[in-house]
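I have placed the structure first, in the form of structure tokens, so that the comments after it can refer back to it.
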Amino acid sequence: MVGVTATADPRSAIDAVWRIESARLIAGLARMTRDVGLAEELAQDALVAALEQWPESGVPRNPGAWLMTTAKRRAVDTFRRNERYERKLGEIGREQEFEEEPDFTAGLDDHIEDDLLRLVFTACHPVLSTEARVALTLKMIGGLQTHEIARAFLAKETAIAQRIVRAKKTLGDAKVPFEVPEGADRVARLESVLEVIYLIFNEGYSATAGEDWMRPGLCEEALRLGRILAGLMPTEPEVHGLVALMEIQASRSAARIGPNGEPVLLMDQDRAKWDRLLIGRGLAALELAESLTNGAFGVYAAQAAIAACHARARTGEETDWGRIAVLYEGLGKLNPSPVIELNRAVALSMAFGPEAGLVVVDKLTSEPALKSYHLLPSVRGDFLAKLGRLDEARVEFERAAEMTGNDAERTLLLNRAAECAAGTDRG
């Protein structure tokens, strides 16, 4: 008799099991079938079976093994219906002995961590668009349902579903191998994986659209994915650098939103609300990243080092802005970007006064990449307000408000503009 666990709410238990086990389940199936799309369908079939059976039979003591065993059975049934039966049955059928009372523990195997890493690299393959990589990663590795991804990104569920279907078809058409790449290809592909995770985190940390300033669920999912990747690739410094960055940034979450959901900027935050546990984890991850490179910074570790400067300061006044400006200069050499230069301008203004920052920002006003970037006029408006040039500052804040897609941020910027008009801006 297969052991079961009674639960008052089987659906909640199934949702929890799916979130934990789905990535490993899909990864294991993808290794056997060599088809990520088919693996995801088989996993979904197993989930449907659980939804049908567990409310009556109870949750098995090893739910992951139950799902894997059920999915393997579905795989065998699938291959029986096509011309590849003999070859595929030999690959899959021998792994599963069908008995009246099967050994569900046998549904899991020793390849699972390697399989999971392969799945991460496959879902984040550069052959896919950025949007497709994000959606597929959240679906296959994060275990989110399509409607959850759509809600998180304020998109239509049908649009997300189509994006995922197209992504799986693209992987199949391109014959993307289910493997962890080696050599130079591994470096390039890892960059793609890290980019996807950080994009998910950033959308949660500073939502680009909608009413909410933050979407904590996406931050939490990105952190979970980053921690999983760090466990799978413990000798990759940039993986630990990204985890460090996300841990430290996430530590400020409770202080970034006011009582009415309004944004609270860094220098105005109550640092007593910063999560010291997350800061400690972030600093430890940063130290590990540095130890793996003898103190040299990669792009994510450099950003984590900047975040660490804020985390170590007990008050805003104690922040080592000069050090932050130097770190941004180094980051700009690693990854030349006008956005990084804009951030360096902020650090310079805090360290040496708003005029020093304005000199840098004024050089960026003709930068094509920042033409529709609302933070450029926002930062310029802040510098102008601090210099007492309130009419010019008001114009910049109003322009920034028109450019942002986030309602909470728009309100903040319009309030700054109104304060300038009244001659009372806090800058």
Side-chain angles (χ1 to χ4, degrees), residues 198 201-208 210-224 226 243-286 303-325 327-328 342-343 345-351 353-354 357 374-375 378-379 381-383 385-386 393 397 400-401 404 406-420 422 424-427:
Y198 196 39
F201 180 84
N202 274 340
E203 185 60 31
Y205 193 70
S206 296
T208 55
E211 298 179 358
D212 298 324
W213 174 235
M214 292 184 65
R215 297 185 195 131
L218 284 178
C219 289
E220 293 168 5
E221 188 57 38
L223 267 170
R224 190 176 75 86
V243 171
L245 175 58
M246 294 191 297
E247 299 274 16
I248 296 172
Q249 296 283 67
S251 72
R252 305 178 200 150
S253 296
R256 295 185 74 237
I257 302 176
N260 298 313
E262 70 277 11
V264 180
L265 301 180
L266 178 62
M267 297 300 287
D268 298 327
Q269 290 172 15
D270 179 359
R271 298 189 178 212
K273 294 182 179 180
W274 287 6
D275 189 322
R276 306 313 300 184
L277 175 61
L278 289 179
I279 289 174
R281 294 178 66 161
L283 294 177
L286 177 59
Q303 293 178 76
I306 292 168
C309 289
H310 295 296
R312 292 186 177 112
R314 292 175 297 177
T315 65
E317 291 70 26
E318 292 182 14
T319 306
D320 189 349
W321 287 103
R323 168 68 173 159
I324 291 175
L327 287 168
Y328 270 122
L342 180 61
N343 283 315
V346 174
L348 288 171
S349 75
M350 298 299 293
H374 72 283
L375 290 182
S378 174
V379 168
D382 185 63
F383 293 165
K386 289 176 178 175
F397 286 133
T404 183
N406 184 277
D407 295 345
E409 193 168 23
R410 183 180 299 108
T411 298
L412 172 68
L413 290 164
L414 290 176
N415 287 341
R416 292 292 305 273
E419 290 169 355
C420 288
T424 59
D425 189 85
R426 52 189 160 164

Pairwise distance [atom1]([X]) to [atom2]([Y]) - rounded to 0.5 angstrom:
X	Y	atom1	atom2	value
Thr411	Arg416	OG1	CZ	14.0 Å
Leu412	Ser378	CG	OG	7.5 Å
Leu278	Leu223	CG	CG	7.0 Å
Ile279	Leu286	CD1	CG	13.0 Å
Gln269	Ile257	CD	CD1	10.0 Å
Asp268	Arg256	CG	CZ	12.5 Å

Could you pull out the closest heavy-atom pair between [X] and [Y], with the gap in Å?
X	Y	result
Gly316	Trp321	O-NE1, 4.0 Å
Gly322	Ala351	N-CB, 3.8 Å
Val264	Gly258	CG2-N, 3.5 Å
Ala393	Ala385	CB-N, 3.7 Å
Ser349	Phe383	OG-CE2, 3.1 Å

Kindly say whether Ala401 contributes a backbone atom to a donor-acceptor pair with the side chain of Thr404 at under 3.5 angstrom?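 Between the backbone of Ala401 and the side chain of Thr404 there is no qualifying donor-acceptor contact (under 3.5 Å).
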Residues two or more places apart in sequence or in another chain: which of them pass ring pair (Phe, Tyr, Trp, His ring centres under 6.0 Å) with Tyr198?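 Partners of Tyr198 by the ring pair (Phe, Tyr, Trp, His ring centres under 6.0 Å) criterion, ordered by chain and then number, come out as Tyr300.
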Please lay out, stage by stage, how Asp275 and Ser253 fare under the test side chain to side chain contact (heavy atoms under 4.5 Å, CB included). CA-CA 8 Å; Asp275 189 322; Ser253 296; over 6 Å; no
For Arg410, check salt bridge (charged side-chain N to carboxylate O under 4.0 Å, His left out) against everything at least two apart and list the hits.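 Scan of Arg410 (salt bridge (charged side-chain N to carboxylate O under 4.0 Å, His left out), adjacent residues dropped) gives Asp407.
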Which residues share a salt bridge (charged side-chain N to carboxylate O under 4.0 Å, His left out) with Glu247, sequence neighbours left out: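 Applying salt bridge (charged side-chain N to carboxylate O under 4.0 Å, His left out) to Glu247 gives Arg227, Arg281.
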Which residue pairs satisfy the ring-ring contact (aromatic ring centres under 6.0 Å, His included) criterion with at least one member in residues 253-274, sequence neighbours excluded?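 Found none.
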Can you see whether Tyr328 has Arg323 sitting over its ring - NZ or CZ less than 6.0 Å from the centre and within 45° of the normal?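 Verdict for Tyr328: no cation-pi partner in Arg323.
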Which is it for His374 and Asn406 under the side chain to side chain contact (heavy atoms under 4.5 Å, CB included) test, yes or no, and what are the steps along the way? CA-CA 11 Å; His374 72 283; Asn406 184 277; over 6 Å; no
When the side chains of residues 306-314 are checked against the rest of the protein, which donor-acceptor pairs come out under 3.5 Å, sequence neighbours left out?
| unit_1 | atom_1 | unit_2 | atom_2 | d |
| --- | --- | --- | --- | --- |
| Arg314 | NE | Glu318 | OE1 | 3.3 |
| Arg314 | NH2 | Glu318 | OE2 | 3.4 |

Suppose we screen for side-chain contact (heavy atoms from CB on, under 4.5 Å). Which residues come up paired with Ala222, at least two apart in sequence or across chains?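 side-chain contact (heavy atoms from CB on, under 4.5 Å) check on Ala222 returns Ile197, Ile200, Phe201, Met246.
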Do Val346 and Asp382 have side-chain heavy atoms sitting under 4.5 Å apart?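 Result no, sub-4.5 Å side-chain heavy-atom pair not found.
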